Amino acid sequence: TAGVGLQLEEARERGLDAFEETADYATSAPGYIAEAAGHVTIVVDRRERVLLGAFIAAPGAADAIGEAVLAVKTRTPLEVLADTIHPFPTTVRVMGGLFGKAARR
């Protein structure tokens, strides 16, 4: 498992208009291939459109969290994260799908 930044409840306690997107790892391509369960969750600031946190409980979490750490630290725009190519089939690709879903929200 790996995580960075604020969880949804923490963000809301700080007065931020935050929302989260979650993917069920077992139903993703890498989850299907590895026959593994888990989840990938991102927390987004709706107004600023930046990543506030990311939490991964799945194989490859340690490798995938690096992008989220950089995004939280640099306040990378959500649209940039959504437009970034993420290799298939990987855990970071699952997170990339969540960036796209959040950007359309």
Side-chain angles (χ1 to χ4, degrees):
T1 62
V4 64
L6 300 175
Q7 294 180 359
L8 182 60
E9 298 78 24
E10 293 171 321
R12 288 182 174 166
E13 286 172 3
R14 293 181 183 199
L16 299 170
D17 180 14
F19 68 92
E20 71 180 12
E21 294 287 350
T22 299
D24 177 5
Y25 190 78
T27 62
S28 70
Y32 179 78
I33 291 166
E35 296 180 359
H39 70 86
V40 178
T41 299
I42 63 170
V43 179
V44 176
D45 182 320
R46 188 184 315 271
R47 188 173 65 80
E48 296 292 325
R49 308 219 19 102
V50 294
L51 189 67
L52 296 173
F55 306 91
I56 305 169
D63 296 327
I65 201 66
E67 180 178 351
V69 169
L70 186 60
V72 169
K73 184 172 180 71
T74 63
R75 299 182 55 81
T76 304
L78 186 59
E79 288 71 17
V80 171
L81 296 171
D83 193 41
T84 300
I85 296 171
H86 297 91
F88 178 84
T90 63
T91 300
V92 74
R93 175 71 174 253
V94 176
M95 190 168 58
L98 291 177
F99 294 151
K101 189 174 179 182
R104 292 186 299 275
R105 189 165 167 180

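All values derive from a computational prediction rather than experimental measurement.
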Ile33, CD1: over 12 other non-hydrogen atoms inside 6.0 angstrom: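 More than 12 within 6.0 Å, yes.
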
hydrophobic_cluster_shared for [Y] and [X], side chain cutoff 4.5 Å:
X	Y	value
Val50	Val40	no
Phe99	Val69	yes
Val72	Val92	yes

Please report the interatomic distance [atom1]([X]) to [atom2]([Y]), rounded to the nearest 0.5 Å.
X	Y	atom1	atom2	value
Lys73	Leu51	NZ	CG	14.5 Å
Gln7	Glu13	CD	CD	10.0 Å
Arg75	Leu70	CZ	CG	13.5 Å
His86	Leu98	NE2	CG	10.0 Å
Thr90	Met95	OG1	CE	9.0 Å

Considering all heavy atoms, the nearest Ala37-Tyr25 contact: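 Looking at all heavy atoms of both residues, the shortest contact is O-CD2, 4.1 Å.
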
Over all atoms of both residues, closest heavy-atom pair of Ala54 and Ile65: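 For Ala54 versus Ile65, the nearest heavy atoms are O-CD1, 3.8 Å.
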
Pairs satisfying salt bridge (Lys or Arg N to Asp or Glu O under 4.0 Å), at least one member in residues 94-105, at least two apart: Glu21-Lys101, Glu21-Arg105

Of all pairs that satisfy salt bridge (Lys or Arg N to Asp or Glu O under 4.0 Å), the ones with a partner from residues 22-47, not counting sequence neighbours: Asp17-Arg46

ILVMFWY cluster membership beyond Val43 - transitive side-chain contacts under 4.5 angstrom: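 Listed partners: Leu6, Leu8, Leu16, Leu52, Phe55.
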
Expected output: side-chain Thr91 to main-chain Ala61 donor-acceptor under 3.5 Å: no

